Engineer: 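Below is a structure I'd like to ask you about.
Along the sequence shown, residues are numbered consecutively beginning with 1. What's counted below: heavy atoms across the whole structure, side chains too, no hydrogens, waters or symmetry copies. If you're wondering where the values come from, they're calculated on a predicted model, not measured in any experiment.
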Amino acid sequence: MTLRFWLVVSAALFLAGCGGAEQRISKHLERGNDYFAENNYEKARVEFKNVLQIDPKHTEARYRLAETLEQLGELRGAVGQYQSILSEQPDHLGSLLRMAELYLVAGETDRLEEVLGRIDAVAEPGNPRVAVLRATILVRDGDTPGATVLLDKALAMDPTHIGAGVLSARLKASAGDVSAAQELLARLIQAHPTDMRPRMLAARIALEQGDTDTAIEHYRVIVAEAPDNLRQRTDLTRLLLAADRREEARAVLDQGVEQNPDNVDHKLALVGFVRQQQGMEDAQALLREMIQKRPDQPELAIGLAGMLADAGNTVDAKATLREFLERDKDHPASVDARAALARLLLAEKNNVQARQELTAALDKAPTHPGALQLRGDLAASEGDIEAAIADYRAILRDEPSNTEVLRRLARMYRARDNHALARETYETAIEIAPGNAGLRLEFGDYVASRGLTETAASQYQAGIASEPDNVRLHERLARYGITKQDWDSALRHADQMIELNSDTADGHFMRGAALAGQQRYDAALESLDHALQIAPWGLEPLSLAVRILVDEKRYDEALALTDQALSAREKNHPALHLRGGILQSAGRLEEARAAYRQALTLRPDWGQPSGR
């Protein structure tokens with residue numbers, strides 16, 4: 001055979017191989033996309049990884065894998081995939097946009113600006129997704145009119161763009177143009193019948209308008225679209241209960257159990273409903289019936305023990321767990337049962353028996369996260385910081401994205417004064433869960449205690465981006481604004497506190513402080529008076545109100561405030577000290593000395609009056 005013959009054969013084989021690879025890639029991609037559309041993210045991950053095994057530089061598969069990892073809650077892995085794409089293809093718009101969105105949520109302002117510059121260089125003018133991103137930033141910064149203009153332009157180009165439409169509808173509703181918001185959402189729902197975001201917002205707007213029936217109908221569609229989603233099912237249940245439609249609410253949960261017979265959480269949700277509506281005895285009876293029907297679901301027995309413990313019946317709770325352990329000591333769930341039993345024993349301060357149960361659990365399953373966490377918590381409570389750190393680290397080897405354990409580990413590093421590791425651990429947890437407002441609040445408070453107020457403020461601001469109704473975050477930012485004399489910011493956050501909870505003395509105090517900073521003293525005194533009506537002994541509003549009144553030589557009004565504070569709490573040495581200061585400023589020196597002496601009698605170690 002000639003050389004030419006072999007060259008032809010080799011070329012044919014090569015082309016056939018290429019064709020086979022392309023066909024396999026196409027099939028894996030198609031299956032991965034189908035699984036993703038069905039919310040079957042684990043199988044979608046496998047298919048997209050199969051593509052990358054054939055062609056590691058296949059951009060579409062890597063991008064789809066990143067999206068899948070996000071759905072699975074593996075944010076760090078997703079970020080790694082987006083960054084891998086950008087290292088090969090720096091102008092990949094989808095990855096740039098997603099990284100910008102993640103930086104926005106994370107409060108990474110510098111990185112966000114850098115990525116936005118790259119986006120502007122490659123995105124077409126008027127790109128709706130870019131418009132949504134920039135509009136979100138404007139909303140964050142308080143420029144709602146600017147955000148509205150951007151979104152209107154995006155919707156002019158693509159009237160049914162889901163991101164632009166949902167954000168625009170939210171802004172319209174917030175501005176009071178409810179009919180325009182509802183009209184836009186109806187258009188989005190018609191164009192995207194399987195995307196539940198516009199329905200969720202439509203339901204919320206309906207509720208705000210007092211139209212519970214419409215909200216319920218939206219939620220029925222949402223639940224039908226994802227029958228295994230327990231959170232949405234329980235949201236529908238709450239709406240039905242609010243409308244006094246208890247039987248329908250029960251039917252929704254019954255249907256959840258029927259449609260998800262192997263899902264214990266749906267059963268426990270039904271039991272919780274019965275407990276709330278009919279009482280503990282009926283709930284326990286239902287749970288025992290479920291246990292009898294499905295003895296292969298030991299989580300039900302553990303749930304019964306938890307219910308008994310909640311009712312204060314720890315004796316029967318422990319007996320239920322021990323009965324299961326005697327009957328099925330080799331069952332895989334026996335470790336969960338021992339961990340639950342240890343938790344009850346720890347609550348009773350019975351550390352010795354708790355440690356015995358945890359030892360037995362970990363002998364059977366050395367890496368069981370629940371048992372390791374409890375043993376770590378036990379060690380921490382006893383001051384054994386190193387043992388606690390060892391257990392938390394053991395959990396993280398198998399569950400590196402467990403943010404609750406990362407939080408505990410950071411606290412242990414703080415207790416050990418290892419602040420570099422504490423900060424690194426908090427930052428790792430936030431990278432995994434950038435939308436966890438509680439985590440950002442804790443980290444912000446920690447870095448603030450270290451004097452890093454700018455870093456703290458950025459964490460609080462990022463927390464509000466994901467949880468705008470978090471009063472504690474607004475309180476921190478209001479205080480930060482006062483410290484920085486950014487009175488407008490302080491006033492904005494104080495007003496938000498009051499809107500969320502009108503009975504917050506702190507909110508009214510900080511509003512008063514911000515108004516005082518703007519030299520609007522009458523309005524400040526009005527807010528401080530609100531604070532003192534809620535908490536007459538409150539030192540912060542009392543001190544500031546007294547200072548304003550003394551500066552204006554309104555001594556009698558200032559004294560009346562201290563009288564009010566002393567009436568609410570007689571042994572109030574700070575109020576006596578303030579009273580002495582008022583009298584001294586008024587030239588009533590003998591009365592001032594008497595007030596200072598009285599303050600020192602209550603607190604001899606308090607140095608402030610003695611100097612006076």
Engineer: Counting N and O atoms only, with roles assigned by atom type, does the side chain of Y460 sit under 3.5 Å from a partner on the main chain of G444, one being a donor and the other an acceptor?
Structural biologist: yes
Engineer: Does R118 use its side chain to pair, donor to acceptor, with the backbone of P90 at less than 3.5 Å?
Structural biologist: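 Yes; at least one donor-acceptor contact below 3.5 Å.
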Engineer: Check whether the side chains of T504 and N501 place a donor and an acceptor atom closer than 3.5 Å, and report yes or no.
Structural biologist: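 There is no such pair between these side chains.
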Engineer: Is a side-chain donor-acceptor pair under 3.5 Å present for N39 with Q71?
Structural biologist: no
Engineer: Counting only N and O atoms by type, is there a donor-acceptor contact under 3.5 Å from the side chain of S84 to the main-chain atoms of G80?
Structural biologist: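 Side chain of S84 to backbone of G80: no pair is present.
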Engineer: Where the side chain of T425 meets the backbone of A410, is there a donor-acceptor pair that is under 3.5 Å apart?
Structural biologist: no
Engineer: So, does D141 use its side chain to make a donor-acceptor pair with the main chain of D143 at under 3.5 Å?
Structural biologist: no
Engineer: Charged N to carboxylate O below 4.0 Å: is that the case for E114 and R111?
Structural biologist: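 R111 and E114: not salt-bridged.
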Engineer: Taking side chain to side chain donor-acceptor pair (under 3.5 Å) as the test, write out the residues that go with H161, two or more places apart.
Structural biologist: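 Applying side chain to side chain donor-acceptor pair (under 3.5 Å) to H161 gives none.
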Engineer: Using 4.0 Å as the upper bound for N to carboxylate O, is an ion pair formed by R199 and E225?
Structural biologist: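 Answer for the salt bridge query: no.
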Engineer: Going by the ring pair (Phe, Tyr, Trp, His ring centres under 6.0 Å) test, which pairs reach into residues 59-83, not counting sequence neighbours?
Structural biologist: Y63-Y82, Y63-H92
Engineer: Answer whether the closest heavy-atom distance between the side chains of L151 and V132 falls below 4.5 Å.
Structural biologist: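 Touching, per the 4.5 Å side-chain cut-off.
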Engineer: Under 4.5 Å between any side-chain heavy atoms of I216 and R245, yes or no?
Structural biologist: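 A side-chain contact exists here, since the closest heavy-atom pair is under 4.5 Å.
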Engineer: Quick test of your reading of the model: are E475 and R472 salt-bridged, counting only N-O distances below 4.0 Å?
Structural biologist: no
Engineer: Does L477 reach the side chain of R492, with side-chain heavy atoms less than 4.5 Å apart?
Structural biologist: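 No, their side chains stay 4.5 Å or more apart.
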Engineer: Working to the nearest 0.5 angstrom, can you tell me the gap between T194 OG1 and I189 CD1?
Structural biologist: 12.0 Å
Engineer: Within the 4.5 Å heavy-atom criterion, are E42 and L72 side-chain neighbours or not?
Structural biologist: yes
Engineer: If only atom types and distance count, is the side chain of R233 paired as donor or acceptor with the main-chain N or O of P227 below 3.5 Å?
Structural biologist: yes
Engineer: Using a 4.5 Å cut-off on heavy atoms from C-beta on, say whether the side chain of T136 contacts that of E101.
Structural biologist: no
Engineer: I want to know whether Y41 and Y35 have ring centres closer than 6.0 Å.
Structural biologist: no
Engineer: Going by distance alone, is a donor N or O of one side chain under 3.5 Å from an acceptor N or O of the other, for H368 and D336?
Structural biologist: yes
Engineer: Under the ring-ring contact (aromatic ring centres under 6.0 Å, His included) test, which residues partner F273, sequence neighbours left out?
Structural biologist: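 Partners of F273 by the ring-ring contact (aromatic ring centres under 6.0 Å, His included) criterion come out as none, since no residue qualifies.
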Engineer: Among R414, Q459, R411, R440, which one satisfies side chain to side chain donor-acceptor pair (under 3.5 Å) with Y426?
Structural biologist: R414
Engineer: Begin with the C-alpha distance, continue with both residues' side-chain angles, and end with the deciding distance and a verdict on side chain to side chain contact (heavy atoms under 4.5 Å, CB included) for R220 and E248.
Structural biologist: CA-CA 11 Å; R220 286 196 187 280; E248 292 180 60; 2.7 Å; yes
Engineer: Would a distance-only check, ignoring hydrogens and angles, find a side-chain to backbone donor-acceptor pair under 3.5 Å from H192 to T160?
Structural biologist: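 Looks like yes, one N/O pair under 3.5 Å.
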Engineer: Answer whether the closest heavy-atom distance between the side chains of L201 and I205 falls below 4.5 Å.
Structural biologist: yes
Engineer: When rounded to the nearest 0.5 angstrom, what distance separates CD1 in I222 from CD in Q232?
Structural biologist: 6.0 Å
Engineer: As an exercise, state the distance from CG of D310 to CZ of R275, rounded to the nearest 0.5 Å.
Structural biologist: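 If we round to the nearest 0.5 Å, D310:CG and R275:CZ are 4.5 Å apart.
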Engineer: In a table with atom names and distances, give each donor-acceptor pair under 3.5 Å that connects a side chain of residues 370-380 to protein atoms at least two apart or in another chain.
Structural biologist:
unit_1, atom_1, unit_2, atom_2, d
R375, NE, D391, OD1, 3.3
R375, NE, D391, OD2, 3.0
R375, NH2, D391, OD1, 2.7
D377, OD1, Y392, OH, 2.5
D377, OD1, R408, NE, 2.9
D377, OD2, R408, NE, 3.4
D377, OD2, R408, NH2, 3.2

Engineer: Show every donor-acceptor pair shorter than 3.5 Å between a side-chain atom in residues 172-179 and any protein atom, with sequence neighbours excluded, or say none if there are none.
Structural biologist:
unit_1, atom_1, unit_2, atom_2, d
S174, OG, R170, O, 3.0
D177, OD1, A180, N, 3.4

Engineer: Enter the distance from S527:OG to L544:CG here, rounded to the nearest 0.5 Å.
Structural biologist: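 S527 atom OG to L544 atom CG measures 10.5 Å (nearest 0.5 Å).
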Engineer: Which value, rounded to the nearest 0.5 Å, describes the distance between R511 atom CZ and D506 atom CG?
Structural biologist: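 It comes to 15.0 Å.
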Engineer: Distance-only, no hydrogens or angles: does the N436 side chain make a donor-acceptor pair with backbone N or O of L439 under 3.5 Å?
Structural biologist: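 At least one qualifying donor-acceptor pair exists.
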Engineer: Please determine which of Q81, E70, E67 meets the side chain to side chain donor-acceptor pair (under 3.5 Å) test together with R98.
Structural biologist: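 Going through the options one by one, the only one that passes is E70.
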Engineer: May I ask you to test the I498-H530 pair for a side-chain heavy-atom distance under 4.5 Å?
Structural biologist: no
Engineer: Side chains of L491 and D488: does their closest heavy-atom pair fall under 4.5 Å?
Structural biologist: no
Engineer: Using only atom types and a distance under 3.5 Å, with no angle test, would you say the side chain of H493 pairs donor to acceptor with the backbone of G507?
Structural biologist: no
Engineer: Rounded at 0.5 Å granularity, tell me how far CG in L452 sits from CZ in F443.
Structural biologist: 8.5 Å
Engineer: How are the rings of Y446 and H419 set to each other: parallel, tilted or perpendicular (split at 30° and 60°)?
Structural biologist: parallel
Engineer: Please test R64 against E60 for salt bridge (charged side-chain N to carboxylate O under 4.0 Å, His left out), starting from the C-alpha separation and ending with a verdict.
Structural biologist: CA-CA 6 Å; R64 295 295 283 151; E60 182 184 354; 5.7 Å; no
Engineer: Considering residues at least two apart in sequence or located in another chain, which fulfil the side chain to side chain donor-acceptor pair (under 3.5 Å) criterion with E74?
Structural biologist: R45
